[in-house]
Amino acid sequence: MAAKILDGKKLATLSEEHIKTEVSELLSKGIQPTLATILVGNDPASETYVRMKRNTCKKVGMQSIAVELPETTTTDDLLEAIQKLNSDKNVHGILLQHPVPSQIDERKCFDAIDIEKDVDGVTCLGFGNMSMGLSAYGSCTPAGIIRLIKHYELEVQGLNAVVVGRSPILGKPMAMMLLNLNATVTICHSRTINIESIIKQADLIVGAVGIPRFVKTEWIKQDAIVIDAGFHTEKCGDIDLSEMDHISSAYTPVPGGVGPMTINTLILHTMQSAKKLVS
Ligand code: NAP
């Protein structure tokens, strides 16, 4: 049987329609959902990501406030900008674009974001709450993956899930979210010994490693669920997806799988944060 394609582009488009409706209801109650984006420095990739996030806000009728700080910004400057947004009643979500210039203590700045406005799920407190199964906006890429899994009604409970990568924004929260869905989770990273044999046991695999086609076709078990979070300029992800139609039971294409869900999850969280004011 051909594999199910986990179509993130389609789900994100569908979700945008739902968000638009919710936003216009909030507008009718005098609330304009607002995302503040902070961009520090001149990294071209970051500029593109932030622009895409701002454009998506506009598309659904949300406001986006752009804070742009120079390459020479200090930790204190950035903390001050974050505090200003924390105390602005009209801001419902704050996105600090990663990475920031190296002189800045990024962790300290992430953790300065008010938990109620941590719609990108980057604070330690948010991560802890999410891991404990308490209310929190999870990190957007893994949270978007979980939304895909739920939308396509994939049963994760009891599966042997292997997450390749342990970054704070992707691998680690992904592992905790899968654990919360009762998967049995293994996290692999750059020091993992015999990674191939671990991946070969996976019923569900998440590629979050940042190396083009790192996971080889022959490492993937027949009928596994295959989630590829990677995206590289050569239009491929972290997994070789070329044979997934007949090897996997379901997989995320690249592009059009995980990527569109990330921004969509960010604006969904911002809308939910604004909605809390009326509920
Ligand atoms: P990252 O911070 O660079 O983390 C990469 C992880 O992979 C690290 O934990 C690292 O292990 C591990 N790793 C590196 N080389 C390895 C190897 N040879 N064997 C096993 N593990 C290895 O990357 P990231 O930010 O999590 O991103 C991962 C991928 O997801 C990238 O392709 C990125 O483009 C993509 N991404 C996509 C979105 C989206 O919206 N679609 C968002 C974020 C990221 P150590 O911890 O031991 O160093």
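One-based numbering, in listed order, for ligands and for the atoms of each.
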Give a yes/no verdict on whether any heavy atom in [X] is under 4.0 Å from an atom of ligand 1.
{"X": "Thr192", "value": "no"}
{"X": "Met261", "value": "no"}
{"X": "Ala208", "value": "yes"}

Please determine, by modelled atom types, if [X] and [Y] share a side-chain donor-acceptor pair under 3.5 angstrom.
{"X": "Asn90", "Y": "Thr34", "result": "no"}
{"X": "Asp76", "Y": "Thr74", "result": "no"}
{"X": "His232", "Y": "Asp238", "result": "yes"}
{"X": "Ser15", "Y": "Asn264", "result": "yes"}
{"X": "Gln97", "Y": "Lys53", "result": "yes"}
{"X": "Thr184", "Y": "Asn160", "result": "no"}

Please classify the Val209 to ligand 1 contact at 4.0 Å (heavy-atom distances, strictly less than): side chain, backbone, both or neither.
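Under 4.0 Å from ligand 1, Val209 contributes backbone and side-chain atoms.
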
Side chain, backbone, both or neither: which part of Ile211 has a heavy atom under 4.0 Å from ligand 1?
side chain

Quick one: look up the protein heavy atom nearest [atom] and list residue, atom name and how far away it is.
{"atom": "atom 35 (C) of ligand 1", "result": "Ala229 O, 3.2 Å"}
{"atom": "atom 26 (O) of ligand 1", "result": "Ser167 OG, 2.5 Å"}
{"atom": "atom 48 (O) of ligand 1", "result": "Ser190 OG, 3.6 Å"}
{"atom": "atom 29 (C) of ligand 1", "result": "Asp238 OD2, 3.5 Å"}
{"atom": "atom 20 (C) of ligand 1", "result": "His189 O, 3.1 Å"}
{"atom": "atom 19 (N) of ligand 1", "result": "Phe214 CZ, 3.4 Å"}
{"atom": "atom 44 (C) of ligand 1", "result": "Leu170 CD2, 3.6 Å"}

Where ligand 1 meets [X] - atom numbers and elements under 4.0 angstrom, heavy-atom basis:
{"X": "Gly259", "value": "41 (N)"}
{"X": "Thr262", "value": "39 (C), 40 (O), 41 (N)"}
{"X": "His232", "value": "32 (O)"}
{"X": "Gly165", "value": "6 (C), 7 (O), 9 (O)"}
{"X": "Gly230", "value": "30 (O), 32 (O), 35 (C)"}
{"X": "Gly210", "value": "28 (C), 29 (C), 31 (C), 32 (O)"}
{"X": "Ile169", "value": "25 (O), 43 (C)"}
{"X": "Ile195", "value": "20 (C)"}

Flag the pair [X] and [Y] as a salt bridge only when some basic side-chain nitrogen lies within less than 4.0 angstrom of an acidic carboxylate oxygen.
{"X": "Lys221", "Y": "Asp203", "result": "yes"}
{"X": "Glu68", "Y": "Arg54", "result": "yes"}
{"X": "Asp111", "Y": "Arg107", "result": "yes"}
{"X": "Glu196", "Y": "Lys216", "result": "no"}

Taking distance alone, with N or O pairs closer than 3.5 Å, would you say Arg166 contacts ligand 1?
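Among all N and O atoms of Arg166, at least one is under 3.5 Å from an N or O of ligand 1.
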
Test salt bridge (Lys or Arg N to Asp or Glu O under 4.0 Å) applied to Lys276 and Glu116, step by step:
CA-CA 10 Å; Lys276 278 190 183 165; Glu116 295 299 330; 3.4 Å; yes

Any protein heavy atom at under 4.0 Å, with atom 37 (C) of ligand 1 as the reference point?
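There is a protein heavy atom less than 4.0 Å from atom 37 (C) of ligand 1.
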
Under 4.0 Å from atom 3 (O) of ligand 1, is there at least one protein heavy atom?
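No, there is none.
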
Would a distance-only check, ignoring hydrogens and angles, find a side-chain to backbone donor-acceptor pair under 3.5 Å from Lys117 to Leu85?
yes

Check this for me: Glu153, atom CD, are more than 12 non-hydrogen atoms of other residues, nucleotides or ligands nearer than 6.0 Å?
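No - once you tally the heavy atoms of other residues, nucleotides and ligands closer than 6.0 Å, there are 12 at most.
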
Option set Ile199, Leu266, Thr141, criterion heavy-atom distance to atom 42 (C) of ligand 1, minimum
Thr141

With under 30° as parallel and over 60° as perpendicular, where do the rings of Tyr137 and His269 fit, or are they tilted in between?
tilted

